[in-house]
There are 2 protein chains.
Amino acid sequence: MAFSKKEEFTKEDMWLADIAKALAHPARIRILKILTSMNACMVGNIVEQLPLSQSTVSQHLKELKRVGLIEGEIDGPKVCYCINNKTLTKAKKEMDKLYSKLCNC
Amino acid sequence: MAFSKKEEFTKEDMWLADIAKALAHPARIRILKILTSMNACMVGNIVEQLPLSQSTVSQHLKELKRVGLIEGEIDGPKVCYCINNKTLTKAKKEMDKLYSKLCNC
DNA sequence: AAATATCATCGTATATTTACGATGAACGAT
DNA sequence: ATCGTTCATCGTAAATATACGATGATATTT
């Protein structure tokens, strides 16, 4: 039943909530930072830097990919992930818009 | 078992993830917007504007209060909620910092 | 072709989230 | 004191999220 009423909100609010959901785990924030600092990164490289198993990291990558914050490119047997700047820029813009709406500062 | 590895991340990442979690539902984004537009608001007033039951809205308010994004003040039998600008400002600042770290723009 | 390396997906267990109706607590009004 | 109003909390059900090991798929290497 969870989230069954989602359709009754605006697309804008749902999109923002969805981006927020993707950011709602420290591992995923960490992954984004890692991808930025390394520019692009193999999965194994990311796994090394997190206290999580390979399969769990893979799930987190999937969630980030779902909302378009990252992209994966197959490179032989490896997969190279990188930040999707287009989505990230949009997220930044929409979050800014939200905060400027909410904030008296 | 969910989230059991959380301690192994930085406080900064955990705080950001927690704020993101509070924003990870369209109803809660809507609530923040309502509270801003009305400056402050009784619960019943918020419930009227959402396609959710009173008890569900109460839970969403609780989640927003948990991370300090809103505050409730008892006013007779009613409760008056308002935005906590201090937390909101901090959230905006930290989110900005994150995005400027991540974004090539 | 067989073995290895890399990563996604499956299966599973547990915790959390979302939602609602029902109940309870606190207050004001009668 | 009793009643209605307001809101939080409890109990419950279903969906999602988190985590892991095991397995599967794909590509490279031998």
Side-chain angles (χ1 to χ4, degrees), chain A residues 1-9 13-14 17-31 34-35 38 40-67 70-82, chain B residues 1-9 13-14 17-31 34-35 38 40-67 70-82:
Chain A
M1 196 179 300
F3 263 33
S4 67
K5 291 291 190 68
K6 249 192 177 174
E7 315 76 35
E8 317 214 22
F9 297 97
D13 286 351
M14 290 196 311
D18 214 29
I19 291 291
K21 187 153 73 82
L23 298 177
H25 194 293
R28 293 195 289 268
I29 292 190
R30 189 87 195 83
I31 288 171
I34 290 171
L35 289 183
M38 321 260 298
C41 212
M42 305 300 163
V43 174
N45 229 317
I46 300 171
V47 173
E48 281 174 2
Q49 302 180 56
L50 291 175
L52 297 170
S53 73
Q54 179 264 318
S55 60
T56 301
V57 171
S58 192
Q59 279 185 50
H60 284 306
L61 289 168
K62 190 179 178 182
E63 171 68 7
L64 288 170
K65 205 165 71 174
R66 182 185 65 81
V67 298
I70 67 173
E71 279 171 336
E73 193 183 349
I74 295 172
D75 173 24
K78 304 185 180 184
V79 178
C80 182
Y81 279 98
C82 63
Chain B
M1 196 178 304
F3 264 34
S4 66
K5 292 292 191 66
K6 249 191 177 176
E7 315 77 33
E8 318 215 21
F9 297 97
D13 286 353
M14 290 197 310
D18 215 29
I19 290 291
K21 186 154 73 84
L23 298 177
H25 194 293
R28 294 196 287 270
I29 292 190
R30 190 86 194 82
I31 287 171
I34 290 170
L35 289 183
M38 322 259 299
C41 211
M42 305 300 165
V43 174
N45 228 318
I46 301 171
V47 173
E48 280 174 3
Q49 303 180 55
L50 292 175
L52 297 170
S53 73
Q54 179 264 316
S55 60
T56 301
V57 171
S58 193
Q59 279 185 49
H60 285 306
L61 290 168
K62 192 178 177 182
E63 171 68 7
L64 288 170
K65 206 165 69 175
R66 182 185 65 81
V67 297
I70 66 173
E71 279 171 338
E73 192 184 348
I74 296 173
D75 173 24
K78 305 184 178 181
V79 177
C80 181
Y81 279 98
C82 63

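Order of the sequence lines sets the chain letters (A, B, ...), proteins ahead of strands, with each chain counted from 1.
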* Calculate, to the nearest 0.5 Å, the distance between atoms CD1 and NE2 belonging to B/Ile31 and B/His25 respectively. =>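 Result: 9.0 Å between the selected atoms.
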* To do: Working to the nearest 0.5 Å, report the span between CG of A/Asp75 and CE of A/Met42.
  =>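 Answer for the CG-CE pair, A/Asp75 versus A/Met42, is 4.5 Å.
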The side chain of [X] lies closest to which of these nucleotides: [options]?
X       : options               : value
B/Leu61 : D/dA19, D/dT18, D/dA8 : D/dA8
B/Lys21 : C/dC20, C/dA8, C/dT17 : C/dT17
B/Val79 : C/dC20, D/dC20, D/dC7 : D/dC7
A/His25 : D/dA8, D/dA19, C/dA8  : D/dA19
A/Lys78 : D/dG21, C/dC20, C/dT6 : C/dT6
A/Ser55 : C/dT9, D/dT9, C/dC7   : C/dT9

Which whole-number value in Å describes the distance from [X] [atom1] to [N] [atom2]?
X       : N      : atom1 : atom2 : answer
B/Leu52 : D/dA8  : CG    : P     : 14 Å
A/Ile29 : D/dT18 : CD1   : C1'   : 16 Å
A/Arg30 : D/dT18 : CZ    : P     : 18 Å
A/Gln59 : D/dC20 : CD    : C1'   : 9 Å
B/Lys62 : C/dT17 : NZ    : P     : 11 Å
B/Ile70 : D/dA8  : CD1   : C1'   : 13 Å
B/Ile31 : C/dA19 : CD1   : P     : 10 Å
B/Ile74 : C/dA25 : CD1   : C1'   : 11 Å

* **Heavy-atom side-chain contact between A/Asp18 and A/Met14 under 4.5 Å** =>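 The answer is no, as the side chains (C-beta and beyond) never meet within the 4.5 Å cut-off.
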* Does the base of C/dA8 carry an N or O that pairs as donor and acceptor with the side chain of A/Gln54 under 3.5 Å? ->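 Result: at least one qualifying N/O pair found.
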Below 4.0 Å: OP1/OP2 of [N] and any side-chain N or O of [X]:
X       : N      : answer
B/Thr56 : C/dT18 : no
B/Tyr81 : D/dT6  : no
B/Ser58 : D/dA8  : yes

* To do: Check step by step if side chain to side chain contact (heavy atoms under 4.5 Å, CB included) holds for A/His60 and A/Val57.
  => CA-CA 5 Å; A/His60 284 306; A/Val57 171; 5.5 Å; no
